[in-house]
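First comes the structure, then the notes that go with it.
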Amino acid sequence: MGFFPAGPARPQGPRDLGGISLATLHKGGCSICPLNHQRGLQHPQMKPHGAARPLVYMLGEAPGEKEDEKGRPFVGPAGDMLRQHMPDKWRDDRLRWNNVVRTRPPNNRDPAPVEIECCRPSIITDIEEAAPAAIFGFGNVPLHWATRQTTISNWNGRRIPVRIGKHVCWYFPMLHPSYILHLPSRNSEEWEFIFALNLYHAFEAVEAGLPKPVVHTPERALANVEVIDGSGGEADVKRVIELIRGLYDEKTAGLDYETKRLRPYYNDSRILSVGLSSRTSTFAFPVDHPGGWKKTRHRDAVVDEYKRFLYEAPTVKIAHQLAFEHEWSGWTFGRDCIRTGWEDTASQAYILDERPGHGKCHSLNFLCVQYFGLPIKDLHRLDKDNLNKAPVRDVLQYNAVDARYCRFLHFPQMQRLRDEGLEGVYRSHMRRIPTMVLTQMKGIPVDQEVVADFDKKFTARKAKIEAEIAAIDVVQQFTKRKGAPFNPGSNPDIMFVLNKLLLLGTANCDESVLETVKHPFARAILRYRNVTKLHSTYVKCLMPATQNEKTDLHPDGLIRPFLLTTKTRTWRTSSEGPNEQNWPKRENKELRSQVRKRGHKVVSFDYGQIQARNVGMESRDPVLVKAFWDHYDIHTDWTEALVRLYPAWIKEGAKTLATDPKLFKKYRDRTKNELVFPSFFGAQATSVARYLGIPDNIARELHDRFWDRFGGIRNWHRRVAADYKKTGYVTGHSGFRRRGPISPNELINAPIQADESLIVCDAMARLSELGPEEYQANMEIHDDLTFIWPTEKVDEYSEVVIREMLRVEYDWINVPLVVERSIGDDWAFKEDAGVFETKRDGSYYEIKK
DNA sequence: AGTCGCTGCGCG
DNA sequence: AAAGCGCGCAGCGACT
């Protein structure tokens with residue numbers, strides 16, 4: 001759909017300087033610049049404009065038509081838009097304006113690398129003389145010019161310390177206003193809002209007084225790194241032990257592992273090396289790198305000392321992507337070492353700014369550019385995917401520098417968390433990391449007999465359908481016309497059949513389209529898709545490595561999906577490898593029966609209607625809140641209201657509804673799913689009309705009454721939107737923030753999902769913190785915690801889980817919570833086994849067995 | 001050979 | 001036949 005684009009991103013290949021050296025271009029300047037040989041320019045080699053000693057230096061790409069005409073930078077439509085959003089007090093006496101290239105390129109094209117380099121010395125000199133506290137740069141071109149970074153959409157809204165010639169200052173990357181002006185109008189307004197907000201915050205930061213910018217040099221990054229490679233035998237052991245013991249007196253230590261394999265569960269998984277960095281030392285030593293210790297006892301002595309450090313040192317350990325270090329530490333040195341003091345710089349970065357940027361904006365390298373102006377990965381020439389084979393000293397140096405920068409990042413990020421009132425959010429988030437890691441370590445048992453049965457069945461079914469498809473008339477026509485075999489997995493092939501052979505004129509070929517096509521071809525394709533989807537997504541990932549290289553099965557017969565805590569925009573977890581959160585539950589639910597363990601029961605606990613309850617918590621709507629306490633069925637109410645307003649909605653006749661309870665339930669469910677919940681989550685009357693299949697004016701009338709009744713919810717919707725316009729983000733009780741751009745419906749959804757996740761993860765963490773492994777969930781699926789327990793223990797353990805899931809201490813919980821239990825021999829076929837609800841005094845009771 | 005975006009479809 | 005939101009994965013096809 002792409003309501004919001006990822007932002008302007010122009011790929012930057014290697015710069016083509018036409019074979020001319022940088023030195024030549026810099027020396028030649030305007031005299032050799034191709035732009036100077038154009039005709040019809042009114043103001044080539046345009047001079048900078050504004051204050052001689054400005055606070056802020058406004059840097060654009062190049063003059064446009066208007067600029068060339070008037071002889072001043074930033075005076076075209078883009079400049080007008082920019083000025084419109086500038087605070088009044090920022091007059092030209094505090095600003096200086098210039099472009100990376102001072103002569104207009106033809107047709108407003110991007111300036112070429114050669115042109116940029118010819119101009120560079122004059123711009124640098126001007127910035128050196130102007131000595132601004134900050135440069136506000138607009139678009140990709142100045143960003144790359146000043147920082148060598150690409151992709152402005154990743155940088156927009158952040159700030160980077162930069163060195164320009166001899167001058168060091170802060171660089172604020174902004175979108176280019178002309179890019180925003182050229183977006184389709186709906187996107188344009190939203191991005192203009194983001195742009196204005198960034199500009200406002202940037203001026204505010206300058207006004208408040210920026211901290212001293214420090215740009216780290218490669219020399220500084222590498223200075224005093226002690227690499228102990230093990231070649232010195234006893235002496236090296238002694239030195240490592242000495243260094244580790246030195247850390248006990250330090251408050252903090254950066255910590256980083258290099259490993260063979262991503263995860264510790266395989267026979268050949270190894271920690272290759274450990275990097276540690278404190279105020280006084282930065283060092284790395286090998287553990288199982290093949291170029292490391294020559295004698296096992298040396299290796300073991302060092303590992304012993306390191307393990308003692310993990311358990312006993314008062315030092316707080318700082319990692320980047322802590323879940324990784326936790327999983328390796330917990331598996332290698334025992335699960336208890338991961339609840340000693342740890343910090344995670346990736347989580348800090350995510351809480352400070354969760355905007356994704358293709359997942360790159362929270363990498364250690366990116367953050368080192370952001371905070372220290374130095375891309376630390378560029379310091380090393382190393383095959384990162386093959387550290388096992390890389391020279392041990394290279395690995396160790398790389399490892400130590402990473403540890404150093406984990407620690408370096410911790411301080412400014414913690415400062416910003418405090419400044420923004422987000423420290424509590426960070427602390428609450430940090431409980432998730434050991435919790436999720438321990439769930440990963442525990443794993444999910446898979447029954448290989450069941451897996452083999454499914455594989456056989458799906459393989460046979462797939463072959464049969466393929467044969468059927470090949471025999472269909474249109475498929476044979478396809479082969480004749482195209483001279484190539486028909487691939488039922490290829491949507492272009494399917495589209496060809498639908499549009500060129502069956503003459504349908506459809507824009508896509510998804511399920512809803514194919515269902516309407518009468519021809520047997522469509523039915524066959526749907527069956528083919530169903531079989532291949534289920535087979536490859538839910539069976540192959542469980543097969544042994546001997547049968548499927550890409551399996552997610554671990555050698556001990558368990559799967560261990562990652563439960564990631566800094567991946568979603570809404571602070572839910574996400575799951576991958578395989579995704580445990582999307583296994584079929586209705587049709588084809590039997591696929592879940594692959595998860596089972598002999599002598600054990602699968603026991604699931606769902607929070608009932610958690611998101612609807614979250615709406616009550618966020619909106620505090622009195623009618624909704626009261627309905628939860630009184631077990632009042634609002635859906636029945638609204639079914640009746642709709643029938644009174646529009647009897648024709650009941651195809652079977654409104655009268656039969658009163659006498660047929662099953663029919664009533666059907667329409668009640670439709671009301672719930674097509675009117676009540678969508679409206680809670682921001683659906684408009686026209687959408688509701690479409691879902692329900694009723695006229696627009698009826699839906700509007702219905703909505704008027706609905707919002708009359710649930711005014712608290714409507715007010716909450718409005719409040720959230722108004723807050724967003726002020727702050728540029730949306731938040732809720734959880735305190736987690738989602739930054740703009742945000743569409744109106746995302747605005748409503750984000751706090752709901754965050755609160756939901758907080759409640760579930762808090763319960764999961766409290767259970768985990770109890771200690772015994774039985775209370776560590778095997779799975780977490782948004783509103784569901786699932787455990788696999790010995791049959792005879794189910795009652796005993798259940799009681800604890802229900803107690804903890806219902807014992808929530810947040811003071812914003814204003815409705816009862818409900819937990820529904822189900823129990824089965826496998827994950828697929830479970831029986832309901834009790835519904836439990838909190839009372840006002842915090843105790844709970846069982847509603848029904 | 002690996003990356004990337006797209007489509008389609010599974011879940012909450 | 002299509003816009004309440006949030007995810008991950010397989011396969012394809014275009015690209016390097």
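So that the names make sense, note that chain A is the first sequence line, chain B the second, and so on, each numbered from 1.
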Which angle, rounded to 10°, do you find between the first-five-pair axis and the last-five-pair axis of the helix from dA1(B)-dT16(C) to dG12(B)-dC5(C)?
-> 10°
Touch class at under 4.0 angstrom, heavy-atom based, for Glu511(A) against every strand present = sugar-phosphate
Starting from C1' on dG6(C), measure out to CD on Gln611(A) and report it in whole angstrom.
-> 9 Å
What is the distance, rounded to the nearest whole Å, between atom CG of Leu498(A) and atom P of dA1(C)?
-> 12 Å
Determine the Euclidean distance between corresponding P atoms of dT7(B) and dA3(C); express it in Å to zero decimal places.
-> 14 Å
Between Phe680(A) (CZ) and dG6(C) (C1'), how many Å, whole number?
-> 19 Å
State plainly whether the residues Glu756(A) and Arg613(A) are in salt-bridge range, i.e. N to O under 4.0 Å.
-> no
Reading nucleotides 8-16 of chain C from 5' to 3' and marking B where a protein heavy atom lies under 4.0 Å of the base, S where only the sugar-phosphate is that close, and - otherwise, the string is BSSSSS---
Stacked cation flag Arg481(A) on Phe496(A), 6.0 angstrom / 45 deg = no
Chi angles and distances behind the ring-ring contact (aromatic ring centres under 6.0 Å, His included) call for Tyr350(A), Trp571(A) | CA-CA 10 Å; Tyr350(A) 201 76; Trp571(A) 300 95; 5.1 Å; yes
Would you classify Thr573(A) as touching base, sugar-phosphate or nothing, given that sugar-phosphate means primed atoms plus P, OP1 and OP2, and contacts are heavy atoms under 4.0 Å?
-> nothing
Asn508(A) near the nucleic acid: base, sugar-phosphate alone, or nothing, with a heavy-atom cut-off under 4.0 Å?
-> sugar-phosphate
Measure from CE on Met779(A) to P on dC7(C) and round the result to the nearest Å.
-> 22 Å
Aromatic Trp583(A) / basic Arg592(A) pairing, under 6.0 angstrom, 45° off normal = no
What is the nucleic acid contact for Pro584(A), judged by heavy atoms within less than 4.0 Å: base, sugar-phosphate only, or nothing?
-> sugar-phosphate
Would you mind classifying the nucleic acid contact of Arg690(A) as base, sugar-phosphate or nothing, using non-hydrogen atoms under 4.0 angstrom?
-> base
Given atom CD of Glu580(A) and atom P of dG12(B), what is their separation to the nearest angstrom?
-> 13 Å
SB check Arg523(A) Glu515(A) (cutoff 4.0 Å) = no
With side-chain hydrogen bond (donor to acceptor under 3.5 Å, both in side chains) as the test, would you mind laying out the steps for Glu820(A) and Tyr607(A) before giving the verdict?
-> CA-CA 6 Å; Glu820(A) 300 165 1; Tyr607(A) 277 106; over 6 Å; no
Rounded P spacing from dC9(B) to dA1(C) in Å | 14 Å
Using the ring of each side chain (for Trp, its six-membered ring), is Trp707(A) parallel, tilted or perpendicular to His717(A), with breaks at 30° and 60°?
-> perpendicular
Under-3.5 Å donor-acceptor pair between Gln753(A) side chain and dC5(C) base | yes
Please state whether the phosphate of dG4(C), meaning OP1 or OP2, lies under 4.0 angstrom from any side-chain nitrogen or oxygen of Ser687(A).
-> yes
Expressed in whole Å, how much space separates the C1' atoms belonging to dC6(B) and dG4(C)?
-> 23 Å
Whole angstrom is fine here: how far is it from NE2 in His703(A) over to P in dG4(C)?
-> 11 Å
Are Arg737(A) and Glu354(A) ion-paired here, with the side-chain N under 4.0 Å from a carboxylate O?
-> no
Within 45° cone and under 6.0 Å: Arg821(A) NZ/CZ vs Phe836(A) ring = no
Could you please name the option among dG6(C), dG8(B), dG10(B) that lies closest to any side-chain atom of Asn530(A)?
-> dG10(B)
Let me know which of Glu674(A), His635(A), Lys651(A) forms a side chain to side chain contact (heavy atoms under 4.5 Å, CB included) with Tyr667(A).
-> Lys651(A)
Here the distance between atom P of dG2(B) and atom CG of Asn386(A), to the nearest Å, is 12 Å
Take atom OH of Tyr691(A) and atom P of dA1(C), then tell me their distance rounded to the nearest Å.
-> 17 Å
